[in-house]
Amino acid sequence: MNRVETITTHTSPPPVPMTGIWRTIRGYILWSYERGTIQYDVMVTLILLFIFLAPHWINFNDKPVQHNPHPSGVAVVPDGQGGLIYQVEGAAISGQDDGAIRNELLHIIEPISGAVSITSYEAVRDRSGRVTSYKVWVHRE
């Protein structure tokens, strides 16, 4: 008996250079390229593009917190001993007793200076005796 042998060769398509692509990706992820090579320059360029262009497309929610200072005019002057004197308009204060005046002054000064305590204050009056402003000496807590 004659036997017929058929030999089939299984030819595969040419290999896709995936090993080279994965090697390149691994090199970028592990940052294994030397300075001065084109790959290094590509990585640096991509990083700089991200830094400068990302804020236009990505909302990072990094806006500063709005501290709304009191709408009254407040002037800050040095007291000559390393401290500060806050001068607050008299029309901004409506309290009559010492506690109410101190609370209103703190409410106006703290958004500007942070946490402070009032050491003393003095009402500045005009010729008719009306309070025009308050000079407030504060101490940082």
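All of these numbers come straight from a predicted model, not from anything done at the bench. What's counted below: heavy atoms across the whole structure, side chains too, no hydrogens, waters or symmetry copies.
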Taking the six-membered ring where the residue is Trp, are the ring centres of Tyr28 and Tyr33 under 6.0 Å apart?
yes

*asked:* Are Val138 and Leu105 packed together at the side-chain level, in the sense that at least one heavy-atom pair is separated by less than 4.5 angstrom?
replied: no

message: Just so I know, are the side chains of Tyr121 and Val88 near enough to count as touching, which here means a heavy-atom distance under 4.5 Å?
response: no

The residue among Ile47, Thr45, Ile51 that forms side chain to side chain contact (heavy atoms under 4.5 Å, CB included) with Leu49 is Thr45

With a 3.5 Å distance limit and no angle check, can you tell me whether Thr132 reaches the backbone of Val124 through a side-chain donor-acceptor pair?
yes

| query | Counting only N and O atoms by type, is there a donor-acceptor contact under 3.5 Å from the side chain of Glu104 to the main-chain atoms of Gly95? | reply | yes

[atom1]/[X] to [atom2]/[Y] distance, rounded to the nearest 0.5 angstrom?
| X | Y | atom1 | atom2 | value |
| --- | --- | --- | --- | --- |
| Ile109 | Leu84 | CD1 | CG | 10.5 Å |
| Arg102 | Ser120 | CZ | OG | 7.5 Å |
| Met43 | Thr37 | CE | OG1 | 6.5 Å |
| Asn103 | Ile108 | CG | CD1 | 11.5 Å |

Look at the side-chain heavy atoms of Ile, Leu, Val, Met, Phe, Trp and Tyr, link any pair under 4.5 Å apart, and say whether [X] and [Y] land in one connected group.
| X | Y | value |
| --- | --- | --- |
| Ile112 | Tyr134 | yes |
| Leu46 | Leu48 | yes |
| Ile85 | Val131 | no |
| Trp137 | Val76 | no |
| Leu106 | Val74 | yes |

Give the C-alpha distance, both sets of side-chain angles, the deciding distance and a yes or no for side-chain contact (heavy atoms from CB on, under 4.5 Å) between Ile118 and Tyr86. CA-CA 10 Å; Ile118 295 177; Tyr86 291 84; over 6 Å; no

Heavy atoms of Val116 and Glu110 approach each other most closely as O-OE2, 3.5 Å

Other residues, nucleotides and ligands only: do more than 12 of their heavy atoms fall within 6.0 Å of CZ on Phe52? no

Residues passing the ring-ring contact (aromatic ring centres under 6.0 Å, His included) test with Trp31, sequence neighbours excluded, are Tyr40

